[in-house]
Amino acid sequence: MPKPASPPYHNVTPSNDLPTVDPRWLLKAGAVAVAFALLCALALFWTTFYYTQWQYVLAPSRAVDTNPASVGLAFTEVHFGVDSTGQPQLDGWWIPADTPTSPTVLLLHDGKGSMSDALPQARNLHDANLNVLLFDYRGFGHSGGAHPAQALMQADAESALDYLRSTRHIDSSHILVYGNGLGASIAVGLGAAHHEIPALILESPRGDTEPQVLNDTRTRLVPVRLLFHEQFLLAAPLEKLTSPKLIVSYASAPTPLDRSQIADPKMTVELPSSNDTTALHDALRRFLDSYAPTL
């Protein structure tokens, strides 16, 4: 049987003409990849800022270290602000005056710590023979909520006012709103929505927080003016609010507000220090006698 013929042998020489990649294309592709990664990181940073921006202006604490009894005040712990679950979300203290028929002050604290840090203000108001409702916004103290925000604080102030009217049966005409620090912005918002409130007291008023956040080194890469909404506006609303206002500041920390731009009627006082309770009580009495004589 004949042997099969072997296939012809071909001597194949390897080609050196393989396709090459232009280095410039590689550089461009790398630059695009790096830029995309940076944009993703920046977007994540901006998103984180948007959802945590309250931390740049508020400093809540869940600790309520003391209560009114520690400063010699009788009080009742109260709960109000029922949400959709049917449970009250706000925790507060009702501190009655020695004369039950005295006017009532709704005390809106600064947004730092908890209501226990506002006990000095509550003590001063009580010593001026005023009933006091002091409470924690959501996100503070023993109140509900995961964290605070300006909109929630404003809504909580509305709930506190409703508690005084519907549960304590106090007429709006006998309720003063007292805002300390950032609480002044919340107080002004409440006064603008309820013209029946006879007067506002603003102690060391603080607000208009955007410049503070713009100057924060942590926000240098953030378009703050585009994303920031925890504004706590104060100066502009005060230019329009015609409710009587007492503005209290201290020599050690003058108010940044331009008094000439605050709408009348108003009374402004600068006290030597927050420890000068005699001067504060005198200012309160002069203000109430002049601007809310029916209280």
Exercise for the section: I would like to know whether Q231 and E210 meet side-chain hydrogen bond (donor to acceptor under 3.5 Å, both in side chains); could you show each step before the answer? Expected result: CA-CA 6 Å; Q231 300 275 356; E210 184 177 287; 3.0 Å; yes
Handout entry: Considering all heavy atoms, the nearest P198-S172 contact
Key = CD-O, 3.3 Å
Practice task
Look at the aromatic rings of F287 and Y291 and report parallel, tilted or perpendicular, splitting at 30° and 60°.
Solution key: tilted
Handout entry: F228 and T209: CA distance, side-chain angles, deciding distance, side chain to side chain contact (heavy atoms under 4.5 Å, CB included) verdict
Key = CA-CA 10 Å; F228 187 65; T209 53; 3.5 Å; yes
Practice task
Examine the side chains of H109 and D136 and answer whether a donor and an acceptor come within less than 3.5 Å of each other.
Solution key: yes
Exercise for the section: Take S116 and D65 through the test side-chain hydrogen bond (donor to acceptor under 3.5 Å, both in side chains) and record every step on the way to the result. Expected result: CA-CA 6 Å; S116 61; D65 297 323; 5.2 Å; no
Please output the side-chain donor-acceptor pairs of residues 32-51 that fall under 3.5 Å, not counting sequence neighbours, one pair per line with the distance.
unit_1 : atom_1 : unit_2 : atom_2 : d
W46    : NE1    : L221   : O      : 2.6
T47    : OG1    : A43    : O      : 2.8
T48    : OG1    : L44    : O      : 2.9

Exercise for the section: Using distance alone, with no hydrogens and no angle criterion, decide if H79 and Q89 have a side-chain donor and acceptor under 3.5 Å apart. Expected result: no
Handout entry: Separation between CD1 of I247 and CG of L202, rounded to the nearest 0.5 Å
Key = 4.0 Å
Handout entry: Lys/Arg N to Asp/Glu carboxylate O, R206 vs D110, below 4.0 Å
Key = yes
Completion exercise
CG of L295 to OG of S173, rounded to nearest 0.5 Å, is 7.5 Å
Completion exercise
Residue set satisfying salt bridge (Lys or Arg N to Asp or Glu O under 4.0 Å) with D156, at least two apart, ordered chain then number -> R138
Problem - salt bridge (Lys or Arg N to Asp or Glu O under 4.0 Å) against R259, all qualifying residues, sequence neighbours excluded - result: none
Exercise for the section: State, with a plain yes or no, whether a side-chain heavy atom of L133 is found less than 4.5 Å away from one of V105. Expected result: no
